[in-house]
*Asks:* 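Questions regarding the structure given below will be posed in turn.
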Amino acid sequence: MRADFYLIDKQRFREQPLLLVCELAKRAFAAQQPTLILTRDHAQAEAIDELLWAFDEDAFIPHQLAGDEDDADTAVLIVPPGVDTPDRPLLINLREDCASGNFQRVLEVIPADEAERTGSRERWSEYKRRGFELSKHDM
């Protein structure tokens, strides 16, 4: 099991942090990795849903908000709190808590703002305690 922490650094991601989520989802789709995106709330889920349609005019990433009978056939599922979905090998976690479930890899997107990074340090420690292989990437 592996956890990758993506620290937002580049200006375009600072201005629009959800762009990094879309880039990671695009990479996952290209690698044929069924992916879950765990969002903090419904508004964030809807924002990611819209951005995935628009952020790259040359890319088509099959995605939808979770909770539909097509969930199993959709490459990227956007999961707001309170919606249950089957586990997938790859998970992009935007929530304050460590992801739970059966997955091989979790991607944590960490805001540029130092005040918002506190929870990420706690998640790093928790994944380490669980035996994950950890890595950090400046984006």
*Asks:* Going from OG on Ser100 to CZ on Arg95, what distance comes out if it is rounded to the nearest 0.5 angstrom?
*Replies:*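 Atom-to-atom, Ser100:OG and Arg95:CZ are 9.0 Å apart.
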*Asks:* Could you please spell out the steps behind the side chain to side chain contact (heavy atoms under 4.5 Å, CB included) verdict for Leu51 and Gln16?
*Replies:* CA-CA 10 Å; Leu51 197 55; Gln16 175 57 286; 4.1 Å; yes
*Asks:* Within the side chain of Asp41, is there an N or O that forms a donor-acceptor pair under 3.5 Å with the backbone of Gln44?
*Replies:*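 At least one qualifying donor-acceptor pair exists.
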*Asks:* Under the side chain to side chain contact (heavy atoms under 4.5 Å, CB included) rule, what do Glu122 and Ser125 come out as? Steps first, then yes or no, please.
*Replies:* CA-CA 5 Å; Glu122 293 166 10; Ser125 297; 5.8 Å; no
*Asks:* Would you please name every residue forming a salt bridge (Lys or Arg N to Asp or Glu O under 4.0 Å) with Lys128, sequence neighbours left out?
*Replies:*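 In terms of salt bridge (Lys or Arg N to Asp or Glu O under 4.0 Å), with neighbours along the sequence ignored, Lys128 is linked to no residue.
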*Asks:* Between the main-chain N or O of Val76 and the side-chain N or O of Thr74, is there a donor-acceptor pair closer than 3.5 Å?
*Replies:*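 The answer is no, because no donor-acceptor pair under 3.5 Å joins these two groups.
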*Asks:* Which atoms form the tightest heavy-atom contact between Ala66 and Thr85, and what is the distance?
*Replies:*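 Taking every non-hydrogen atom into account, CB-CG2, 3.5 Å.
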*Asks:* Whether the side chain of Arg88 engages the backbone of Thr35 through a donor-acceptor N/O pair (distance < 3.5 Å, no angle test) should be reported.
*Replies:*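 A pair under 3.5 Å: yes.
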*Asks:* Using a 6.0 Å cut-off, check whether atom CG of Asp138 has over 12 heavy atoms from anything other than its own residue.
*Replies:*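 Yes, CG of Asp138 has more than 12 neighbouring heavy atoms, counting only those of other groups under 6.0 Å.
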*Asks:* Around Gln11, counting heavy atoms of other residues, nucleotides and ligands shown, do more than 12 lie under 6.0 Å from its CD?
*Replies:*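 Result for CD/Gln11: enclosed.
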*Asks:* Each residue besides Leu36 in its hydrophobic cluster should be listed here, by chain and number; the cluster joins Ile, Leu, Val, Met, Phe, Trp and Tyr at side-chain heavy-atom distances under 4.5 Å.
*Replies:*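 Joined to Leu36, directly or through intermediates: Met1, Phe5, Leu7, Leu38, Leu77, Val79, Val83, Leu91, Phe103, Val106, Ile110, Trp124, Tyr127, Phe132, Leu134.
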*Asks:* Using 0.5 Å steps for rounding, measure from the CD atom of Glu96 to the CG atom of Asn93.
*Replies:*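 Separation between the atoms: 9.0 Å.
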*Asks:* Can you measure from NE2 (His42) to CD1 (Ile78) and round to the nearest 0.5 angstrom?
*Replies:*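 It is 12.5 Å, given to the nearest 0.5 Å.
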*Asks:* For the CD atom of Glu126 and the SG atom of Cys98, what is their distance to the nearest 0.5 Å?
*Replies:*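 With rounding to 0.5 Å, CD (Glu126) is 5.0 Å from SG (Cys98).
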*Asks:* Quick check: do Leu90 and Gln104 have side-chain heavy atoms less than 4.5 Å from each other?
*Replies:*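 No. Closest side-chain heavy atoms not under 4.5 Å.
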*Asks:* Only pairs at least two apart or in different chains count here, so list each salt bridge (Lys or Arg N to Asp or Glu O under 4.0 Å) that has a residue in residues 5-17.
*Replies:*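 Pairs touching residues 5-17 that pass the test: Asp9-Arg14, Arg12-Glu23.
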*Asks:* Start with the C-alpha distance between Glu108 and Asp4, add both sets of side-chain angles, then the distance that settles side chain to side chain contact (heavy atoms under 4.5 Å, CB included), and finish with yes or no.
*Replies:* CA-CA 6 Å; Glu108 291 273 345; Asp4 292 279; over 6 Å; no
*Asks:* How close do Phe60 and Phe29 get, heavy atom to heavy atom, and via which atoms?
*Replies:*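 The pair with the smallest heavy-atom distance is O-CE2, 3.4 Å.
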*Asks:* Could you check Asp71 against Gln64 for side chain to side chain donor-acceptor pair (under 3.5 Å), going step by step and ending with a plain yes or no?
*Replies:* CA-CA 8 Å; Asp71 283 2; Gln64 68 181 30; 2.7 Å; yes
*Asks:* What closest approach, in Å, do Pro80 and Ala45 show between heavy atoms, and which atom pair accounts for it?
*Replies:*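 Reported closest heavy-atom pair: CB-CB, 4.1 Å.
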*Asks:* Could you give the distance from CG (Leu20) to OH (Tyr6), rounded to the nearest 0.5 Å?
*Replies:*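 With rounding to 0.5 Å, CG (Leu20) is 8.0 Å from OH (Tyr6).
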*Asks:* How long is the gap from CD on Glu46 to CG on Leu65, to the nearest 0.5 Å?
*Replies:*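 Reported value, rounded in 0.5 Å steps: 6.5 Å.
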*Asks:* Apply side chain to side chain contact (heavy atoms under 4.5 Å, CB included) to residues Ile61 and Phe55 and explain how you reach the verdict.
*Replies:* CA-CA 11 Å; Ile61 301 154; Phe55 86 104; 3.6 Å; yes
*Asks:* Please answer whether the main-chain N or O of Leu94 pairs with a side-chain N or O of Arg40 as donor and acceptor at a distance below 3.5 Å.
*Replies:*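 Such a contact is found between Arg40 side chain and Leu94 backbone.
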*Asks:* Any side-chain heavy atom of Met139 sitting closer than 4.5 Å to one from Ile8?
*Replies:*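 Answer no - side chains too far apart.
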